[in-house]
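What follows is a short report on a single structure.
Everything numeric here is computed off the predicted structure, so don't read it as measured data. We use all heavy atoms of the structure for the numbers below, so side chains are in, but hydrogens, waters and symmetry mates are not. Both counts, for ligands and for their atoms, begin at 1 and track the order of listing.
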Amino acid sequence: MSKNNRHYHHKSKNNPDNFPAQHLLINKRLVLDLLDLARIQRHETVLDLGAGKGAITFPLAERAANVIAVETDPEYVSKLKSRAEAGHMQNVRVVPSDILQIQLPRREFVVVANIPYSITTPILGKLLDHPAVPLQRAVLLVELGAAKRFTGRLVRNPRMLGWRMSYEFQLVRSVAPSNFSPPPKVDSAILVIRRRKDPLVPPKHHARFMALAAHAFRYPELPLPEALSGVFTPPQTTRLLRQLGVDRGFPVSRLDEAGWGQLFSAMLKHVPPERWPRTPQPGSGKPKKRR
Ligand SMILES: C[S@@+](CC[C@H](N)C(=O)[O-])C[C@H]1O[C@@H](n2cnc3c(N)ncnc32)[C@H](O)[C@@H]1O
């Protein structure tokens, strides 16, 4: 082992905080369940984000055309590489990078991963913020609390709403800490994310929809008419509420994705563009210094 490797060995094993969230999967049945849920097809490219020693990577390689295993811990990276070489698995590519820095495939891909829980939202953001990213499905192990938030009936933030307009989220089941080594302190869950065949917002209008959602969620507790004030006129709001089948006190956070789809189409159709909420331009929030 080189000096460098020894250093990392020491870092990752004796001081796990340097590589957080190294809770490796030890239940092979659970790995197979994840692969079954992902319905991998022979021609597909699959990403394993936070590949560890390859508990998911190598079973994936038996089913998919290409597997991209992303891992930052150099000790695990070299383990992954030697295992792929020893098994003559030419369809496994090990990418020694931070998940948040990688370039995602330009062609359709799937993700199956036991991700580092500490960066769950940034990972989902990378995968789901831009509908042009060709993610088809993701089967993820995440913290149970996070899975509940992503699948809950109430949506209180525009980013999550944006994701849910293009993807369906399903909490399949909870997973006990005993399935990992070392066991995490929290319960986990299998979260499945599937791209909608018909997105509720056409990708070309995504930025416009996000501006409307940001406007409406300024105060997530507000009833719908107040949340939409400044966009729809009072008579338009009355018609919209009737169309959605809700009353004037209905909180904006309770509107479901289909309701948001209707609301957004109504805006495009009936509201003149000068009243559509604008996405703030970078830097536009700060007043310019006077010379
Ligand atoms: C929960 S473990 C899962 C390991 C393996 N997939 C398994 O199930 O046994 C998460 C892995 O992600 C790696 N990791 C943590 N942060 C990362 C990051 N920002 N980019 C890439 N890998 C990361 C850790 O080193 C760890 O191996």
Side-chain angles (χ1 to χ4, degrees), residues 4-5 7-38 40 46-64 66-84 87 89 92-105 109-127 129 138-147 172-192:
N4 251 356
N5 280 347
H7 170 66
Y8 282 116
H9 183 82
H10 171 77
K11 251 179 30 162
S12 57
K13 293 294 168 282
N14 296 349
N15 186 3
D17 282 351
N18 284 323
F19 286 102
Q22 293 187 313
H23 301 287
L24 305 187
L25 260 174
I26 50 171
N27 178 345
K28 288 190 176 154
R29 181 65 249 170
L30 176 55
V31 172
L32 294 180
D33 286 351
L34 299 178
L35 301 197
D36 289 345
L37 280 164
I40 309 293
V46 188
L47 269 60
D48 180 0
L49 302 176
K53 293 198 234 170
I56 299 175
T57 309
F58 296 107
L60 263 180
E62 288 170 17
R63 300 194 187 185
N66 298 298
V67 178
I68 301 173
V70 184
E71 175 57 55
T72 35
D73 183 337
E75 186 191 334
Y76 287 167
V77 167
S78 67
K79 280 204 163 105
L80 287 164
K81 284 185 176 164
S82 12
R83 224 179 128 184
M89 295 191 189
V92 174
R93 182 153 70 89
V94 180
V95 177
S97 302
D98 180 339
I99 298 163
L100 301 178
Q101 303 302 327
I102 60 163
Q103 192 167 0
L104 292 170
F109 67 95
V110 177
V111 173
V112 182
N114 171 20
I115 58 173
Y117 293 175
S118 54
I119 51 169
T120 298
T121 299
I123 292 175
L124 290 195
K126 184 169 176 93
L127 295 171
D129 277 348
V139 175
L140 305 175
L141 281 168
V142 299
E143 195 176 331
L144 177 61
V172 176
R173 65 178 159 87
S174 60
V175 173
S178 56
N179 290 284
F180 306 87
S181 172
K185 290 200 177 82
V186 291
D187 278 332
S188 303
I190 304 176
L191 178 70
V192 176

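Ligand 1 lies out of reach of L100, whose nearest heavy atom is not under 4.0 Å from it.
Short contacts between ligand 1 and I119, defined as distances under 4.0 Å to a heavy atom of the residue, involve ligand atoms 19 (N). When each atom of ligand 1 is checked for a heavy atom of S97 under 4.0 Å away, the hits are 20 (N), 21 (C). Atoms of ligand 1 lying under 4.0 Å from at least one heavy atom of A51, given by number and element, are 4 (C), 5 (C), 6 (N). Near Y76, the atoms of ligand 1 lying under 4.0 angstrom from a non-hydrogen atom of the residue are 27 (O). Every atom of ligand 1 with a heavy atom of G52 under 4.0 Å away is listed here by number and element: 4 (C), 5 (C), 27 (O).
With hydrogens and angles ignored, the 3.5 Å screen pairs a side-chain donor or acceptor of H23 with a backbone N or O of P182. Judged by distance alone, the side chain of E71 and the main-chain N or O of G52 form a donor-acceptor pair under 3.5 Å. Counting only distance, with no hydrogens or angles, the side chain of K185 and the backbone of P177 share no donor-acceptor pair below 3.5 Å.
Nearest approach of R83 to K53, heavy atoms of both residues: NH1-O, 3.2 Å. Here the closest heavy-atom approach between residue Q22 and residue D73 is recorded as NE2-OD2, 2.9 Å. Nearest heavy-atom pair, L32 versus R63, reported as atom, atom and distance to 0.1 Å: CD2-NH2, 3.9 Å. Nearest approach of L47 to P105, heavy atoms of both residues: CD1-CG, 3.8 Å.
The closest non-hydrogen atom to atom 27 (O) of ligand 1, taken over Q22, K53, H23, E71, comes from E71. Comparing S188, S118, G50 against atom 4 (C) of ligand 1, the shortest heavy-atom distance belongs to G50. Selection from P74, P96, A69, P116 by nearest heavy atom to atom 16 (N) of ligand 1 gives P116. Looking at L25, L24, I123, T72, it is T72 that brings a heavy atom closest to atom 18 (C) of ligand 1.
No side-chain donor-acceptor contact under 3.5 Å links S174 and D187.
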Show which side-chain atoms of residues 24-31 pair as donor or acceptor with protein atoms under 3.5 Å away, not counting sequence neighbours.
{"unit_1": "N27", "atom_1": "OD1", "unit_2": "R29", "atom_2": "N", "d": "2.9"}
{"unit_1": "N27", "atom_1": "OD1", "unit_2": "L30", "atom_2": "N", "d": "3.1"}
{"unit_1": "N27", "atom_1": "ND2", "unit_2": "N179", "atom_2": "OD1", "d": "2.7"}
{"unit_1": "R29", "atom_1": "NE", "unit_2": "D33", "atom_2": "OD1", "d": "3.3"}
{"unit_1": "R29", "atom_1": "NH2", "unit_2": "D33", "atom_2": "OD1", "d": "2.9"}

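Contacts between L49 and ligand 1, counted as non-hydrogen atom pairs separated by less than 4.0 Å, are absent for every part of the residue. With a 4.0 Å heavy-atom cut-off, ligand 1 is reached by no atom of A113. Under 4.0 angstrom from ligand 1, there are no non-hydrogen atoms of F180.
At under 3.5 Å, a nitrogen or oxygen of D98, whether backbone or side chain, sits near a nitrogen or oxygen of ligand 1. For I99, a nitrogen or oxygen atom sits less than 3.5 Å from a nitrogen or oxygen atom of ligand 1, counting backbone and side chain alike.
Around CZ of R93, the count of heavy atoms belonging to other residues, nucleotides or ligands within 6.0 Å does not exceed 12.
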